[in-house]
Amino acid sequence: MTEEHHIIEKFREMVAKRYDYNELVKRFEVPPSITPDVIEDVKSYFLGTIYPEPAERQRLERAFGNLAGYIKQPKKIWGLFGNMASALFKFGRHFMQALKAGFASLDSFVGAKKFEQGMADIANKNGIKPPMTDEEYEDCYYQLDRTEIQQFIDDVKSLFGAMVNTPLLLKTIAILDDVIVTMEKHPKTYPQEDVEGIKLGRSLLYRGYELFSKYDETTKQIMVDIIYRNELWYVDYVYKKKEDNQ
């Protein structure tokens, strides 16, 4: 039986192939500023953050699952800052934009979880057993709802867009640091697992800062564009391949 961890392992393998620099330069016109090291950083963040190995991914899912309630219940968020006026005074006019960026990673995980479940269901319906071949993976991918695939790609683009906006990212990290302090002062209100979820989210954002802040603005925007184009290319590649064989 194919389970979600099998999908994660195969997805990681396919991402590694998709972000092979030598293949990328055949696929797109890549400017000289986008070196093999740049693409390696992109791949590293993809595989270390959005799609880490199954055991780490389960830990992230548990943490972010607890945080989903903060997005669905805005009152919980304002409880951390007092009110909008005090939050704007403390963090400036980009407060809401920074807060939204902080939750972009959660959105990408929600989309990824849906993706994994859908792929596993299709694999089992079709009698596909692990280890999955590239062809079997593409067969399952083709049977997913294309609008859901597009939403996942858009979430990934938003996440990388947040990672390369260094000033906003630093503000987001500062907001999360403040949130952690507030939560730890009120343990009866904020469970420890919620605190750990925020800390984990903060560490993922900081890892993005460490990886991407060294690049100039033009290079960072080109990186996001290449990621988006490469993900769309893969969707079109799979669909064309399957429809040509029908």
Side-chain angles (χ1 to χ4, degrees), residues 1-24 27-28 38-65 68 104-163 200-201 204 207-208 211 223-224 226-242:
M1 179 177 178
T2 298
E3 298 179 357
E4 285 173 34
H5 68 89
H6 297 124
I7 301 298
I8 293 169
E9 289 161 357
K10 188 64 183 178
F11 186 88
R12 285 172 56 80
E13 180 189 322
M14 299 300 274
V15 165
K17 289 180 180 179
R18 199 152 66 243
Y19 286 88
D20 177 275
Y21 181 81
N22 292 325
E23 293 301 316
L24 269 178
R27 210 172 290 149
F28 308 118
V38 172
I39 297 303
E40 195 58 38
D41 276 347
V42 168
K43 185 162 60 176
S44 174
Y45 195 75
F46 226 129
L47 299 181
T49 304
I50 304 175
Y51 262 93
E53 293 181 358
E56 175 65 9
R57 181 151 177 82
Q58 287 175 1
R59 187 170 79 96
L60 294 173
E61 283 172 6
R62 285 194 298 272
F64 287 151
S105 56
L106 178 58
D107 288 336
S108 72
F109 269 87
V110 170
K113 181 70 176 173
K114 202 171 182 182
F115 173 86
E116 292 153 19
Q117 290 171 333
M119 288 283 284
D121 289 345
I122 292 167
N124 289 317
K125 186 174 71 175
N126 293 341
I128 295 171
K129 300 190 186 317
M132 199 181 250
T133 66
D134 290 3
E135 193 68 32
E136 288 170 337
Y137 178 89
E138 290 169 1
D139 284 341
C140 294
Y141 191 92
Y142 179 67
Q143 293 175 57
L144 287 171
D145 186 320
R146 189 159 183 170
T147 57
E148 289 183 9
I149 296 173
Q150 182 63 50
Q151 183 58 56
F152 178 51
I153 292 172
D154 289 345
D155 288 342
V156 168
K157 183 186 180 186
S158 295
L159 176 58
F160 276 99
M163 291 306 100
L200 197 52
L204 297 181
R207 184 157 185 252
L211 276 176
M223 289 164 75
V224 175
I226 286 176
I227 292 162
Y228 190 61
R229 287 165 61 202
N230 200 34
E231 294 305 305
L232 291 179
W233 166 84
Y234 183 68
V235 180
D236 291 339
Y237 162 78
V238 170
Y239 270 74
K240 185 176 187 308
K241 183 178 177 181
K242 297 304 170 187

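The structure presented is a predicted model; accordingly, all values stated were derived computationally and were not measured.
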Requested in this report: Output, in order, the C-alpha distance, side-chain angles, deciding distance and verdict of side chain to side chain contact (heavy atoms under 4.5 Å, CB included) for Phe11 and Tyr141.
Outcome: CA-CA 10 Å; Phe11 186 88; Tyr141 191 92; 5.6 Å; no
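In this structure, Glu116 pairs ionically with Arg57, as a charged nitrogen and a carboxylate oxygen lie closer than 4.0 Å. With respect to Asp236 and Arg146, a salt bridge is recorded, a charged nitrogen being found less than 4.0 Å from a carboxylate O. A salt bridge does not link Lys10 to Glu138: none of the charged nitrogens lies less than 4.0 Å from a carboxylate oxygen. In this structure, Arg59 pairs ionically with Glu56, as a charged nitrogen and a carboxylate oxygen lie closer than 4.0 Å. Salt bridge absent: Arg18 and Glu23 never bring a charged side-chain N and a carboxylate O closer than 4.0 Å.
In Lys125, the NZ atom is not crowded: 12 or fewer heavy atoms of neighbouring residues, nucleotides or ligands sit closer than 6.0 Å. Residue Lys129 places its NZ atom among 12 or fewer non-hydrogen atoms of other residues, nucleotides or ligands, all under 6.0 Å distant.
For Asn124 (side chain) and Ala120 (main-chain N/O), a donor-acceptor pair under 3.5 Å exists by modelled atom type.
Note on residues 39-50: pairs passing salt bridge (charged side-chain N to carboxylate O under 4.0 Å, His left out), not counting sequence neighbours, are Glu40-Lys43, Asp41-Lys214.
Between Tyr234 and Tyr137, the two ring planes are tilted [angle within 30° to 60°].
For the side chain to side chain donor-acceptor pair (under 3.5 Å) test, no residue two or more places apart in sequence or in another chain qualifies with Gln117. In this view, Tyr19 and Phe46 satisfy the ring pair (Phe, Tyr, Trp, His ring centres under 6.0 Å) rule, not counting sequence neighbours.
Counting only N and O atoms by type, the side chains of Asp139 and Gln143 include no donor and acceptor under 3.5 Å apart.
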